[in-house]
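Since we're looking at a predicted model, the values are computed, not measured.
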Number of protein chains: 2
Amino acid sequence: MAEALNGMKRTHMCGVLRETNVGEKVTLMGWVQKRRNLGGLIFVDLRDREGIAQIVFDTTVSKESFEKASLIRGEFVIAISGVVKMRESINNNIPTGKIEVFANELKILSESEIPPIHINDEDEANERLRLKYRYLDLRKPKMQKRMRLRNQVSKITRDFLDVNGFLDIETPFLTKPTPEGARDYLVPSRVNKGKFYALPQSPQLFKQMLMVSGFDKYYQIVRCFRDEDLRADRQPEFTQIDMELSFVEENDVIEVNEKLLKRIFKEVLNKEIEIPFKRITYKEAMERYGSDKPDTRFGFELKLLNDELKSSEFKVFSSAIENGGSVRAININGQADTFSRKNISKLESFAKTYGAKGLAWMKITDEGITSPIAKFLSETEIKLILDKMEAKSGDLILLVADKNSVVFDSLGALRSEIAKKLNLLDKDEYDLLWVTEFPLYEYDEEENRFVAKHHPFTSPMDEDIELLESNPEKVRAKAYDIVLNGFEIGGGSIRIHNSDLQKKMFKALGFTDEEAYAKFGFLLDAFKYGTPPHGGLAFGLDRLVMLLTGSENIREVIAFPKTQNATSLLTDAPGPADKKQLDELGVKTIEESSDIDE
Amino acid sequence: MAEALNGMKRTHMCGVLRETNVGEKVTLMGWVQKRRNLGGLIFVDLRDREGIAQIVFDTTVSKESFEKASLIRGEFVIAISGVVKMRESINNNIPTGKIEVFANELKILSESEIPPIHINDEDEANERLRLKYRYLDLRKPKMQKRMRLRNQVSKITRDFLDVNGFLDIETPFLTKPTPEGARDYLVPSRVNKGKFYALPQSPQLFKQMLMVSGFDKYYQIVRCFRDEDLRADRQPEFTQIDMELSFVEENDVIEVNEKLLKRIFKEVLNKEIEIPFKRITYKEAMERYGSDKPDTRFGFELKLLNDELKSSEFKVFSSAIENGGSVRAININGQADTFSRKNISKLESFAKTYGAKGLAWMKITDEGITSPIAKFLSETEIKLILDKMEAKSGDLILLVADKNSVVFDSLGALRSEIAKKLNLLDKDEYDLLWVTEFPLYEYDEEENRFVAKHHPFTSPMDEDIELLESNPEKVRAKAYDIVLNGFEIGGGSIRIHNSDLQKKMFKALGFTDEEAYAKFGFLLDAFKYGTPPHGGLAFGLDRLVMLLTGSENIREVIAFPKTQNATSLLTDAPGPADKKQLDELGVKTIEESSDIDE
């Protein structure tokens with residue numbers, strides 16, 4: 001059965017009916033949440049985007065509708081007309097709980113088989129089943145709420161940027177592959193056989209060209225693509241709030257984005273956040289939190305123990321220091337009793353996943369310290385450690401000795417892991433901060449050369465320009481990340497707009513002029529004709545919405561996400577392609593071609 | 001030279017300064033439109049997004065700035081601070097023409113080489129040069145205006161749809177290839193070697209799934225992709241204003257979009273357009289205008305002459321009718337003298353490009369008719385023709401006899417071509433109309449079967465359902481196009497939400513159940529679990545903005561368009577891909593693999 005509307009018009013959404021509607025004749029349309037027969041009446045909970053209304057079918061109102069209603073099952077789509085009345089037994093759990101609608105007309109618009117997942121927030125179907133039946137999963141109130149919140153964040157962002165003079169300008173999706181663009185998705189061209197488009201990892205080059213064009217302020221909420229192995233919070237396609245501004249310095253970009261975030265938090269969560277946000281340099285973030293995206297809702301700050309331990313007989317410590325690394329520790333205040341040896345051993349395994357070779361620990365008791373490494377350390381060394389760590393009875397000290405990157409990574413991850421275990425993370429607290437003064441370069445050990453930490457158009461700090469050739473590793477960038485509760489939600493930089501400086505930058509990266517031109521020629525050309533000072537920022541919309549909705553991963557805030565294997569369980573994408581079409585595109589799959597070769 | 005801002009902050013945009021700013025100290029930043037030395041002073045026209053301001057450098061104000069100003073050339077980027085004064089000689093041609101700014105500080109932020117195109121609206125560089133230097137082309141005031149108008153149309157659309165309950169929900173770009181999806185761009189998957197994603201031609205299937213999910217009203221301003229040979233007004237990637245609504249019938253979709261367009265015209269062009277728009281059925285559009293996207297700003301309507309000529313001795317006419325075709329004519333009222341034989345011969349050549357084998361004509365004079373076909377027709381026939389065409393002295397009648405599609409195409413194109421030649425097209429008149437009751441199917445002569453004219457989810461009209469199997473060519477669809485001045489700017493339909501009807505539809509298209517499932521399985525699955533009646537519409541944003549800006553083609557309203565050869569003259573996309581990367585993707589180009597084979 002599938003009746004047509006035939007002119008029947010909805011008058012209200014189910015979820016908006018209130019006492020004030022009593023006596024009105026209404027027409028509602030939606031999905032059947034449940035049906036029950038009770039005392040000669042049929043009750044139906046009818047659901048739409050706005051909520052649920054109770055519908056009553058009564059033979060004395062309409063015998064025909066009553067009989068048809070007895071055919072209704074869960075997730076049928078129906079339309080009803082009837083009169084709103086006060087309920088006898090009020091349900092205070094739902095906003096429409098004081099009223100019900102006595103139906104005198106019923107159309108069954110669409111039937112439903114029994115759905116493979118439960119359409120409610122308590123459903124415990126596994127994620128693969130949820131993704132396969134995403135169109136049903138999205139019916140759940142919590143998923144509806146997430147998508148609506150995402151819509152709201154986009155809309156607020158657009159309104160804010162529009163009022164502040166930003167222009168939404170669309171940039172191409174079919175762009176040029178960059179040499180070594182290992183993370184580009186490629187698109188074979190049919191018209192230009194043997195050539196490929198690349199899907200953009202970001203509109204970076206285009207937005208900089210728009211500044212050269214004089215648009216002054218640009219934004220776009222835009223899909224970006226990156227073909228990399230996927231982690232929990234990555235997708236092959238993701239959405240950026242992307243912006244660029246002319247005639248600005250770092251503070252200008254930072255201030256406009258603080259205002260934007262303040263407005264989003266206020267309108268979406270009714271939460272006042274204070275601006276300006278805290279700012280912390282990259283160096284300080286690493287030294288205090290072991291992370292360039294620190295969660296500062298809790299302590300457990302790292303302390304450097306090199307001075308205290310550089311001459312220790314305990315070679316694990318002293319040789320780490322000697323080799324240019326460090327010994328650092330965190331104090332888990334007052335939690336010595338919480339962590340048994342077994343628990344600490346779990347923490348050690350956790351630290352090892354970040355490259356640590358081991359995790360040393362000390363428990364401080366009224367009677368002294370308990371520690372497997374005590375026997376390797378002198379009393380003075382122990383005292384120096386305890387002093388530096390401001391250790392009191394009941395504290396647990398965790399120490400890692402290694403090269404700096406491993407020490408930072410493992411202790412940085414440990415402090416967050418422990419805070420989570422100790423329930424120290426207040427999910428209603430939003431800890432926003434800027435991390436600034438990022439290194440301009442980082443050393444790529446595989447390629448054995450410096451690479452740009454952000455991208456090669458990021459401007460060095462003025463006072464560090466003189467170090468570009470002599471000490472590239474010391475050069476700091478006019479780059480800034482915005483961090484929320486330990487997640488990087490956005491980042492950007494002031495760009496180089498001086499072609500001499502740009503040339504130095506490429507030289508430091510080991511590019512010849514030809515290589516630089518092959519990669520970025522059209523932007524370098526553009527810079528010849530009058531380039532304003534400019535800079536920008538991009539937010540990861542998926543991650544921002546994930547945090548605003550308190551979701552576990554970004555798949556929860558994307559209508560049709562892909563799995564970690566980059567596949568869609570709903571559509572079965574990617575799929576096979578017709579050989580005829582591949583021929584037209586001038587490509588073949590390697591499997592196929594080797595079949596032919598044999 | 002490239003100075004840094006170092007804390008210097010812009011206070012005003014150049015184009016906004018007025019008499020009311022006189023006496024204020026301002027800081028402006030922008031591009032040098034021109035510089036001239038006059039009477040010991042240096043005058044600079046400084047340009048930003050908002051317009052031009054005149055800057056004066058005077059040695060008595062700042063000797064240093066004056067000397068630096070003598071280095072300035074066109075398109076240099078500069079920042080100046082100074083005081084606003086009234087001009088002695090007022091320039092009424094520009095909004096800032098009453099004032100000038102006496103600069104006491106000048107920074108040259110960026111120099112410029114001599115640009116290869118002129119940065120003004122009078123530039124006559126050819127399109128290839130403009131596209132190669134698009135970042136300079138976009139500096140022209142008219143291009144800036146077009147991009148800003150485009151931004152405005154998007155913003156108004158979003159605001160309108162948001163207020164009307166539509167949710168902006170993002171759908172995937174990496175989707176599943178459809179069998180025979182000849183127009184899909186394909187993207188090889190690295191993780192799933194040998195498989196491909198397809199870039200969407202539209203979010204059709206996803207937006208229908210969102211209706212199944214209960215989002216009720218969806219919209220997206222979204223990039224779509226189609227790999228086809230490009231005509232003047234096509235691009236490989238284009239932007240749609242895409243929407244879908246639940247629990248609606250045709251009128252609901254039409255009404256909300258009339259309101260949207262009314263608002264766009266009012267806010268963008270300050271033009272009141274009347275709603276509701278005219279509606280015309282597909283049949284009437286073809287019969288009166290020879291087109292399913294008629295420009296009704298002028299007459300020259302087609303008339304059918306089959307009754308009058310079916311028994312004519314003139315076989316060109318009578319056999320066309322006998323073979324199922326027709327003879328139709330248009331009356332170019334009062335223009336007999338405008339068109340010489342030579343001109344008419346040009347019209348005939350034009351008609352032939354639309355498949356016509358010839359173009360018959362009659363001129364009506366006070367003395368009778370002049371016509372090369374007069375000798376083949378009886379006097380009665382001539383009289384019947386003149387009566388039907390309501391011909392008067394001075395009129396020119398043009399006739400085509402052929403199969404219907406050729407008659408419609410050639411006469412439809414002729415009437416527009418002639419209206420253009422006669423300057424009958426008022427560019428300030430916006431002729432908006434709906435074309436309704438499209439055929440559900442059209443016959444594909446290559447494939448020798450019926451194919452869906454819109455797409456296979458389009459609902460047939462209720463009264464035609466019984467013809468689905470017996471007379472598919474007669475079935476009309478609940479489909480509607482919106483036409484503006486002879487251009488289709490949007491179109492949509494009510495969808496099938498009844499799975500029995502959907503099955504019949506597929507059967508009529510010659511699909512087996514398996515084939516239908518292979519193409520659209522996930523949507524067919526979704527329809528099993530309660531589907532609301534739904535329908536939608538999509539506008540071509542590029543074309544809409546083209547018409548609103550009076551531009552010649554859509555490349556004029558796209559920041560970074562591609563040529564008709566699907567290449568970017570700016571970035572050189574598409575380009576070659578690294579073999580290493582292709583190996584990782586599991587594909588090779590056919591050229592490359594044949595090299596290996598040899």
Side-chain angles (χ1 to χ4, degrees), chain A residues 2 5 10 29 31 49 75 77 110 112-113 115 135 138-139 151 167-169 172-177 185-187 189-192 194-197 209 212-214 216 223 227 237 247 249 498 522 526 528-533 559-560 566 570-571 573-575 577 586-587 589-591 593, chain B residues 2 5 10 29 31 49 75 77 110 112-113 115 135 138-139 151 167-169 172-177 185-187 189-192 194-197 209 212-214 216 223 227 237 247 249 498 522 526 528-533 559-560 566 570-571 573-575 577 586-587 589-591 593:
Chain A
L5 288 172
R10 178 167 62 183
M29 303 184 185
W31 283 259
R49 196 175 90 177
E75 300 309 314
V77 179
S110 172
S112 172
E113 295 183 7
Y135 43 85
L138 287 170
R139 286 185 188 168
N151 164 72
L167 299 174
D168 178 4
I169 302 179
F173 279 73
L174 296 172
T175 67
K176 190 190 177 188
Y185 278 103
L186 294 182
V187 184
S189 165
R190 181 177 54 81
V191 182
N192 305 278
K195 293 192 174 177
F196 293 80
Y197 303 99
M209 273 191 288
V212 173
S213 297
D216 208 85
R223 202 71 53 84
D227 185 11
E237 47 180 317
F247 303 110
E249 297 183 283
N498 169 334
F522 53 98
K528 290 181 193 162
Y529 301 104
T531 309
F560 302 106
L570 171 64
T571 63
V587 297
T589 57
I590 286 178
E591 285 81 346
S593 64
Chain B
L5 288 172
R10 179 168 60 185
M29 303 184 185
W31 283 257
R49 196 174 90 178
E75 302 307 315
V77 179
S110 172
S112 172
E113 296 183 8
Y135 42 86
L138 288 170
R139 286 186 189 169
N151 164 73
L167 300 174
D168 178 5
I169 301 178
F173 279 74
L174 296 172
T175 67
K176 191 189 176 191
Y185 278 102
L186 294 182
V187 184
S189 166
R190 182 177 53 81
V191 182
N192 305 277
K195 292 192 174 176
F196 293 81
Y197 303 99
M209 274 191 286
V212 173
S213 294
D216 208 83
R223 202 70 53 85
D227 185 12
E237 45 180 317
F247 302 111
E249 297 182 288
N498 170 334
F522 52 98
K528 289 180 192 163
Y529 301 104
T531 308
F560 301 106
L570 170 64
T571 64
V587 297
T589 57
I590 286 178
E591 287 81 345
S593 63

Query raised in the report: With chain B, which of A:A577, A:P115, A:P574, A:A573 has the greatest number of heavy-atom pairs at distances under 4.5 Å?
Result: A:P574

Query raised in the report: For the side chain of B:T589 and the backbone of A:G194, is there at least one donor-acceptor N/O pair under 3.5 Å apart?
Result: no

**Report entry** Segment of B:L570 engaging chain A (4.5 angstrom heavy-atom cut-off)
**Finding:** both

**Report entry** B:F560 and A:T175: CA distance, side-chain angles, deciding distance, side-chain contact (heavy atoms from CB on, under 4.5 Å) verdict
**Finding:** CA-CA 10 Å; B:F560 301 106; A:T175 67; over 6 Å; no

Query raised in the report: Which atoms of B:S189 come close to chain A, meaning under 4.5 Å heavy atom to heavy atom: side chain ones, backbone ones, both, or neither?
Result: side chain

Query - Residues B:D227 and A:R190 bridged, charged N to O under 4.0 Å - result: yes

Report task. Look at A:P177, A:P172, A:A559 and state which one has the largest set of heavy-atom pairs under 4.5 Å with chain B. Result -> A:P172

Report summary line: Checked B:V191, B:V187, B:L167, B:I169 vs chain A; the most non-hydrogen pairs under 4.5 Å come from B:L167

Query raised in the report: What are the two closest non-hydrogen atoms of A:Y135 and B:S213, and how far apart are they?
Result: O-OG, 2.8 Å

Requested in this report: Going by the salt bridge (charged side-chain N to carboxylate O under 4.0 Å, His left out) test, name the single residue among A:R139, A:R49, A:R10 that passes it with B:D216.
Outcome: A:R10

Report task. Could you look at B:P533 and say if it's the side chain, the backbone, both or neither that has a heavy atom under 4.5 Å from chain A? Result -> side chain

Query raised in the report: Does the B:D168 side chain pair with the main chain of A:N151, one donor and one acceptor, at a distance under 3.5 Å?
Result: no

Query raised in the report: What part of A:L5 is in contact with chain B, defined as an atom under 4.5 angstrom from a non-hydrogen atom: side chain, backbone, both or neither?
Result: both

**Report entry** Sidechain-backbone polar pair: A:W31 side chain, B:G530 backbone, donor-acceptor under 3.5 Å
**Finding:** yes

Query raised in the report: Between A:F173 and B:F173, what is the ring plane arrangement, given parallel below 30°, perpendicular above 60°, and tilted in between?
Result: parallel

